[in-house]
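In what follows, a structure is listed as structure tokens, so that the remarks can point back to it.
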Amino acid sequence: MIRIAIAGIGKIARDQHIPHIAANRDFELIAAVTRHEPPSGVSAFTTIGEMMAAGLGVEAIAICTPPIGRLALVREAFDHGLDVLIEKPPAATLSEAEQFATIAGQADRVLFVTWHLREAAAVEPACKWLADRTMRSVRVDWRENVRVWHPGQEWIWQPGIGVFDPGINALSVITRILPGPLCVEASELRFPSNKPAPIAASLTLKGPNPATIAVEFDFDQRGPQCWDIAVETDGGTLQLADGASKMAVDGVPVEVGDEAEYARLYRRFAELIAARRSDVDLAPFRLVADAFLIGRRSEVGPFGE
Ligand code: NAP
């Protein structure tokens with residue numbers, strides 16, 4: 001059993017990490033690094049240092065705090081000899097995220113930079129289906145209402161986040177299933193007049209294949225929510241829906257199973273720890289950084305809850 005702690009007991013820790021650690025025989029949740037109430041039956045500490053001083057034998061930690069402020073946490077975790085799993089997006093900046101891998105290597109620890117949506121049921125079947133087909137066009141539609149999915153989360157409006165918090169999930173899927181590397185060719189970012197992060201974005205991406213990849217992110221979707229990817233190929237159109245949990249080809253559903261993303265994520269973390277191997281792919285985060293770097297900015301009306 002790997003004795004694990006969680007840092008940051010918020011929505012994702014409660015909804016996914018705590019139940020999936022409990023359901024995984026390779027892990028035992030021992031402690032939480034939190035400023036608030038810990039999960040029941042778990043010891044709580046305000047810092048990783050305090051937790052390690054308590055001598056509970058913690059061996060690994062899942063970082064579930066918002067992306068800003070993670071560098072100090074990750075450094076402290078490696079200083080104390082912990083293996084580390086990081087929620088997406090990995091950090092506040094690309095240079096911070098790149099440092100994580102260096103520090104993990106220096107500390108000889110396992111680092112798992114996770115992309116939970118890559119564990120969605122249709123992602124690997126989609127990879128296989130696309131492998132021997134030629135892409136003609138790709139369309140990503142990621143539209144959700146921030147008020148419903150992120151109520152009261154002030155951190156989501158910090159610079160560099162906004163609609164890219166859900167959007168990076170779509171980028172994590174397309175960087176897995178499409179031939180790469182992908183580059184940002186054009187980016188339009190729409191900022192509410194009262195927020196320092198975009199509420200919507202339109203991107204054009206290009207890979208080695210001539211097909212254009214059109215991406216639409218909207219954080220102000222009032223009607224039906226959608227997390228869809230469509231890939232038109234020489235052998236039919238692949239559709240991934242509901243965050244790559246469903247797959248269809250030319251409108252005909254394909255059975256892909258329904259194993260939970262975080263069950264697979266923790267199985268993979270246990271395998272990485274057993275093999276003493278890290279998994280750090282920053283490709284989705286690099287696309288976000290480039291979208292900001294070359295993005296044309298416009299202002300839209302003020303955001304209201
Ligand atoms: P959240 O509900 O706001 O929880 C974040 C937790 O981090 C807080 O409850 C707090 O825990 C801790 N924290 C430390 N410093 C903080 C700060 N400056 N501001 C706010 N919280 C701080 O956020 P979340 O939705 O769980 O998201 C956390 C991470 O998981 C993000 O990177 C997000 O992209 C990712 N994620 C979220 C979802 C989702 O559906 N919500 C899905 C997948 C991934 P303590 O009270 O314990 O200190």
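All ligand and atom numbering here is 1-based and tracks the order in the structure. No experiment lies behind these values; they were computed from the predicted model shown.
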Pairing of [X] and [Y] as salt bridge, 4.0 angstrom limit:
X      : Y      : result
Arg276 : Asp83  : yes
Asp234 : Arg136 : no
Asp228 : Arg143 : no
Arg222 : Asp220 : yes

[X], any N or O under 3.5 Å of ligand 1 N or O:
X      : answer
Trp155 : yes
Asp165 : yes
Val33  : no
Thr34  : yes

What residue and heavy atom of the protein are closest to [atom], and at what distance?
atom                    : result
atom 41 (N) of ligand 1 : Lys11 CD, 3.7 Å
atom 25 (O) of ligand 1 : Gln153 NE2, 2.9 Å
atom 4 (O) of ligand 1  : Gly10 CA, 3.2 Å
atom 11 (O) of ligand 1 : Ile9 N, 3.2 Å
atom 12 (C) of ligand 1 : Gly8 CA, 3.8 Å
atom 19 (N) of ligand 1 : Pro66 CG, 3.9 Å
atom 29 (C) of ligand 1 : Thr65 O, 3.7 Å
atom 30 (O) of ligand 1 : Ile12 CG2, 3.3 Å

Practice prompt. Rounded to the nearest 0.5 Å, what's the gap from OG1 on Thr233 to CG on Leu238? Could you check?
Written response: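 So the OG1 of Thr233 and the CG of Leu238 are separated by 8.0 Å.
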
Discussion item. As a quick check of understanding, evaluate side-chain hydrogen bond (donor to acceptor under 3.5 Å, both in side chains) for Glu216 and Trp142, giving each step before the final call.
Written reply: CA-CA 6 Å; Glu216 288 296 331; Trp142 227 250; over 6 Å; no

For [atom], which of the options [options] provides the nearest non-hydrogen atom?
atom                    : options              : result
atom 17 (C) of ligand 1 : Arg35, Glu261, Glu87 : Arg35
atom 28 (C) of ligand 1 : Pro166, Ala91, Cys64 : Cys64
atom 32 (O) of ligand 1 : Glu154, His36, Lys88 : Lys88

By number and element, which atoms of ligand 1 are closer than 4.0 Å to a non-hydrogen atom of [X]?
X      : answer
Pro67  : 32 (O)
Pro89  : 32 (O), 34 (O)
Tyr262 : 43 (C), 44 (C)

Worksheet entry | Heavy-atom donor-acceptor pair, Thr34 side chain to His36 backbone, under 3.5 Å |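 Pair found, side chain donor or acceptor close to backbone of His36.
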
Worksheet item: Donor-acceptor pair, Ser278 side chain versus Leu111 backbone, under 3.5 Å?
Response: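 At least one qualifying donor-acceptor pair exists.
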
Practice prompt. Evaluate the criterion ring-ring contact (aromatic ring centres under 6.0 Å, His included) for residue pair Trp157 and Phe303; output intermediate values, then yes/no.
Written response: CA-CA 10 Å; Trp157 290 110; Phe303 174 77; 4.9 Å; yes

If the contact criterion is a heavy-atom separation under 4.0 Å, does [X] count as touching ligand 1?
X      : answer
Pro38  : no
His17  : no
Trp115 : no

Item to complete: For Arg147, look at atom CZ and say whether over 12 heavy atoms of other residues, nucleotides or ligands are found less than 6.0 Å away.
Response: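 Correct, the count exceeds 12.
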
Practice prompt. Please assess Thr175 against Arg118 for the test side-chain hydrogen bond (donor to acceptor under 3.5 Å, both in side chains), listing each intermediate value before the final yes or no.
Written response: CA-CA 9 Å; Thr175 48; Arg118 282 188 180 172; 2.9 Å; yes

Practice prompt. Flag the pair Phe78 / Phe100 as yes when their ring centroid distance falls below 6.0 Å, and as no otherwise.
Written response: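 Centroid separation for Phe78 and Phe100: 6.0 Å or greater.
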
Worksheet item: If every non-hydrogen atom of Ser187 is compared with every non-hydrogen atom of Ala291, which pair is closest and at what distance?
Response: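 Closest approach of Ser187 to Ala291: OG-O, 2.8 Å.
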
